[in-house]
Amino acid sequence: MPQHSPAAVIVLAAGEGTRMKSATPKVMHPIAGRSLLHHAINAAAGTGPEHLVVVLRHAREQVASHVESIAGVLDRSVLVADQDDVPGTGRAAECALTQLPEGLTGTVVVTYGDVPLLTAGTLYALVEHHESQTNAVTVLSANVANPTGYGRIVRDAAGDLERIVEEKDADDEVRRLREINSGIYAFDAAVLRESLARVDTDNAQGEKYLTDVIGIARGGGSRVAALTTDDVWQVEGANDRVQLAQLGRELNRRIVEGHMRAGVTVVDPETTWIDADAVIAPDVTIQPGVQLHGACDIATGAAIGPDSTLSDTEVGEGATVIRTHGSLSVIGAGATVGPFAYLRPGTELGTNGKIGTFVETKNAQIGAGTKVPHLTYVGDATIGEQSNIGASSVFVNYDGVHKNRTTIGSFVKTGSDTMFIAPVTVGDGAYSGAGTVIREDVPAGALAITEGRQRNIEGWVVAKRPGTAAARAAQMAGGAAEASATTDPAGPNGPGSADNADNAEKES
Ligand code: UD1
Ligand code: CA
């Protein structure tokens, strides 16, 4: 029984990707929350190779540091090989070999950094087939409707793989072939090394073609074969932004379907976008128009949406999140958020807590059972348990120079329109009156109110805003008789009406 983890996987990513027309290297463009290269390296690493090498040239430093961070996420070594001035996939593979032990034996897989839907399972099946057939080279091929641009698989009369011909080197007969080279291969390490040394650049593009290894190996008496895949998406590369979007949609479709098969209700898969890193428990319900970006973790019974975007956010068991934009936040079990809530990084809502409508939070720990129901900004705050923050309150965290914290205890009830001028502390069980501006600490159990008595200037509207609807309404209500003389007598509610006449008499 052969052991099917390859000795090495080589990921080619030296190309420039000019058709992306981007300042960002092609392989660093993301779909489903990970770069193309991250998807490719994931698949490669998933086969458990002893060595994993990525070949770079274009934007070398930027991509190399990206490779390093991917290696960190995967917690394994990923080597970088530099391609020199000689162009072509063959040269790229040859440069990768310089990073591998000279006497390496076994299977070497070659794949591309811009092929994001390829899975470890497919690579593994390729290696298994390659080794069980004792091939020297096995090419992953696919039959496609439009083969333009691809290398064509040319088979001999017996149907065996003979060679691969690039589009630019092909005659009309070869161009009509619809079996294409995916660019993904399993090689015997020694055959690859020896054949690459003999590949020249004598072709239409003046490149060292990796595909020439097939003809050379076969000519030397080695077994070469093509393994056809039915899943063409898995071998498709992203060359421009149209393909990037197509691959992104298909990958999303696969991810969403995977969650549904694992017990997640997704009401509208078409408008649901879930990144590869999301973890979603069974019996979560996702309503239309939801995006889960990055490493979201959604516990069972939670309901998300409609129309919510969460990034790197944890949602507890049975929580409800409606029309919300949130990032780097933690929503407790049984909590409710939204509609129309904005949770910025560092928001932590406790069990059964509430962040309601038109509420913005940032760096805020809101305790279990605490409610912030309406029209409020909570920034840089710690609030205890079972407290209630009145509507339209502001945690005034910025003094123009520094950000300051507000600390509020448990069982606190603050009135509507309370301003917490940080740094400030409100003790357990304290209250505040509506419109309070809290500049000083409030002891436990105290009622904080801001003095500033209300004064009513009688008749002001009718006197100063004559002829307005408000003035007329005031007169109808008997609010300001002395100003009736200035009212437009032709107005619909002018002094001709009985009520107004009465009021005028009463109040003058
Ligand atoms: C190559 C194959 C072709 C196959 C197609 C599948 C060769 C000669 N041709 O086409 O048969 O149908 O892939 O997509 O192999 N790269 C390098 N260094 C280079 C050139 C390319 O690392 O010098 C990398 C690119 O970054 C990319 C991959 O190899 O990830 C494929 O390059 P690309 O130019 O798209 O493929 P072709 O050579 O056109
Ligand atoms: Ca390509």
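When a ligand or atom number is given, it counts from 1 through the structure's own listing order. In this text the structure is predicted, and so the values were computed from the model without any measurement.
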Can you tell me if [X] has over 12 outside heavy atoms packed within less than 6.0 Å of its [atom1]?
{"X": "D202", "atom1": "CG", "value": "no"}
{"X": "R178", "atom1": "CZ", "value": "no"}
{"X": "R175", "atom1": "CZ", "value": "yes"}

Under a 4.0 angstrom heavy-atom cut-off, which atoms of ligand 1 come close to [X]?
{"X": "A13", "value": "22 (O), 26 (O)"}
{"X": "T211", "value": "7 (C), 8 (C), 11 (O), 15 (O)"}
{"X": "A92", "value": "17 (C), 18 (N), 22 (O)"}
{"X": "E166", "value": "2 (C), 3 (C), 7 (C), 8 (C), 9 (N), 10 (O), 11 (O)"}
{"X": "D114", "value": "30 (O)"}

ask   = With sequence neighbours excluded, what pairs up with Y398 under the ring pair (Phe, Tyr, Trp, His ring centres under 6.0 Å) test?
value = none

ask   = Within the distance-only criterion (no hydrogens, no angle test), does the side chain of T134 pair as donor or acceptor with the backbone N or O of E131 below 3.5 angstrom?
value = no

inquiry  = As a test of understanding, state which of D380, N397, D399 forms a side-chain hydrogen bond (donor to acceptor under 3.5 Å, both in side chains) with N404.
reply    =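 Answer to the side-chain hydrogen bond (donor to acceptor under 3.5 Å, both in side chains) test with N404 among D380, N397, D399: D399.
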
Separation of D200 CG from E207 CD (nearest 0.5 Å) = 12.5 Å

Would you check whether [X] has a nitrogen or oxygen atom less than 3.5 angstrom from a nitrogen or oxygen atom of ligand 1?
{"X": "G151", "result": "yes"}
{"X": "G149", "result": "no"}
{"X": "L12", "result": "yes"}
{"X": "E207", "result": "no"}
{"X": "I164", "result": "no"}

message = What verdict does the side-chain hydrogen bond (donor to acceptor under 3.5 Å, both in side chains) test give for H130 and T138, after you've listed the backbone C-alpha separation in whole Å, the side-chain angles of each residue and the deciding distance to 0.1 Å?
response = CA-CA 6 Å; H130 172 81; T138 309; 2.7 Å; yes

key: Close approach of R91 to ligand 1, heavy atoms, under 4.0 angstrom   = no

Residue-ligand contact G88/ligand 1, heavy atom below 4.0 Å = yes

request  = Ignoring hydrogens, just give me the one of N203, L56, T89 whose non-hydrogen atom is nearest atom 29 (O) of ligand 1.
outcome  = T89

remark   = Note: N181, heavy atoms under 4.0 Å from ligand 1, region reported as both

inquiry  = I'd like to know if the side chain of R223 pairs up with that of N135 as donor and acceptor (distance under 3.5 Å, no hydrogens or angles considered).
reply    =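 There is such a pair (donor and acceptor under 3.5 Å, judged by atom type) between the side chains of R223 and N135.
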
